Amino acid sequence: MRDKILARFQGGALHEFFILDCTEMSFRACVFYRWKLQIEEAETSGLADDIRSAVLEELESAGRGNRASVQIDFEFDSHEHVEQEYGGDYYNRLH
């Protein structure tokens with residue numbers, strides 16, 4: 001799923017994406033833009049909503065539930081922040 005989301009938004013502000021299972025019907029989606037300022041820009045431009053929709057669509061396609069039954073907690077952050085606070089280590093950022 002990660003590769004599909006990254007490919008879908010290739011060439012845009014999306015830098016990295018992870019989806020983590022919390023339970024069978026609950027997920028944590030971590031969306032990383034390149035720069036901190038892109039977080040607000042994505043909300044304003046509608047890109048963040050497009051990403052949310054694409055994640056739901058991919059979960060449905062994978063048979064992981066439908067929009068009404070799936071719980072997804074979205075986190076929006078930046079690669080810039082991961083570099084500054086976690087030395088570029090996404091593993092440490094996600095845990």
Side-chain angles (χ1 to χ4, degrees):
M1 179 176 191
R2 175 184 168 270
D3 292 339
K4 288 182 179 181
I5 295 297
L6 289 172
R8 190 167 178 167
F9 295 95
Q10 184 177 11
L14 188 61
H15 179 77
E16 186 59 271
F17 173 79
F18 299 97
I19 186 133
L20 309 168
D21 289 345
C22 294
T23 66
E24 185 176 329
M25 299 298 283
S26 175
F27 303 90
R28 181 174 155 215
C30 302
V31 178
F32 294 90
Y33 301 106
R34 178 71 182 110
W35 307 107
K36 290 179 187 178
L37 63 92
Q38 291 173 311
I39 298 169
E40 183 61 36
E41 289 174 356
E43 285 295 333
T44 304
S45 72
L47 175 61
D49 287 334
D50 291 345
I51 292 169
R52 287 183 188 100
S53 182
V55 169
L56 280 165
E57 185 180 304
E58 290 297 333
L59 284 170
E60 285 178 323
S61 294
R64 298 301 301 262
N66 60 46
R67 291 175 188 260
S69 64
V70 159
Q71 165 70 34
I72 305 174
D73 291 323
F74 284 90
E75 293 180 25
F76 294 90
D77 202 345
S78 69
H79 178 68
E80 177 182 25
H81 178 247
V82 173
E83 286 182 330
Q84 290 172 345
E85 298 296 323
Y86 301 93
D89 189 327
Y90 281 89
Y91 180 81
N92 285 336
R93 164 56 182 85
L94 294 171
H95 291 91

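What you see below is based on every heavy atom in this structure, not just the backbone, and it leaves out hydrogens, waters and symmetry mates. All values reported here derive from a predicted model rather than from experimental measurement.
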Item to check | Transitive ILVMFWY cluster of Leu47, excluding itself - 4.5 Å side-chain cut-off | outcome: Met1, Ile5, Leu6, Phe9, Leu14, Phe17, Ile19, Met25, Phe27, Val31, Tyr33, Ile39, Ile51, Val55, Leu56, Leu59, Val70, Ile72, Phe74, Phe76
Next on the checklist: Tell me every residue that passes side chain to side chain donor-acceptor pair (under 3.5 Å) with Tyr86, counting only those two or more places apart in sequence or in another chain.
Outcome noted: none
Next on the checklist: When you compare the side chains of Ser69 and Asn66, does any donor N or O come within less than 3.5 Å of an acceptor on the partner?
Outcome noted: yes
Item to check | side chain to side chain donor-acceptor pair (under 3.5 Å) involving Gln71 - partner list, sequence neighbours excluded | outcome: Asp73
Checklist outcome for this item: For Arg52, the side chain to side chain donor-acceptor pair (under 3.5 Å) test, sequence neighbours excluded, returns Glu43, Asp49
Checklist entry - Can you name the closest pair of heavy atoms from Glu16 and Phe18 and give their distance? => result CG-CE1, 3.2 Å
Next on the checklist: Apply the hydrophobic cluster definition, ILVMFWY joined by side-chain contacts under 4.5 Å directly or through others, and give me every member besides Tyr91.
Outcome noted: none
Checklist outcome for this item: Sorted by chain and residue number, the salt bridge (Lys or Arg N to Asp or Glu O under 4.0 Å) partners of Asp21 (sequence neighbours excluded) come out as Arg64
Next on the checklist: I'd like to check the salt bridge (Lys or Arg N to Asp or Glu O under 4.0 Å) partners of Glu60; sequence neighbours left out, ordered by chain and number.
Outcome noted: Arg67
Item to check | Under the ring-ring contact (aromatic ring centres under 6.0 Å, His included) test, residues paired with His79 that sit two or more places apart | outcome: His15, Tyr90
Item to check | Set of side-chain contact (heavy atoms from CB on, under 4.5 Å) partners for Gln84, sequence neighbours left out | outcome: Lys36, Glu80
Checklist entry - In chain order, what residues pass the salt bridge (Lys or Arg N to Asp or Glu O under 4.0 Å) check against Arg93, with sequence neighbours excluded? => result Glu75, Asp77
Item to check | Any residue meeting salt bridge (Lys or Arg N to Asp or Glu O under 4.0 Å) with Glu40, in chain and number order, not counting sequence neighbours | outcome: none
Checklist outcome for this item: Rounding to 0.5 Å, atoms NE2 (His95) and CG (Asp89) come to a distance of 10.0 Å
Checklist entry - Can you name the residues that form a side chain to side chain donor-acceptor pair (under 3.5 Å) with Lys4, not counting sequence neighbours? => result none
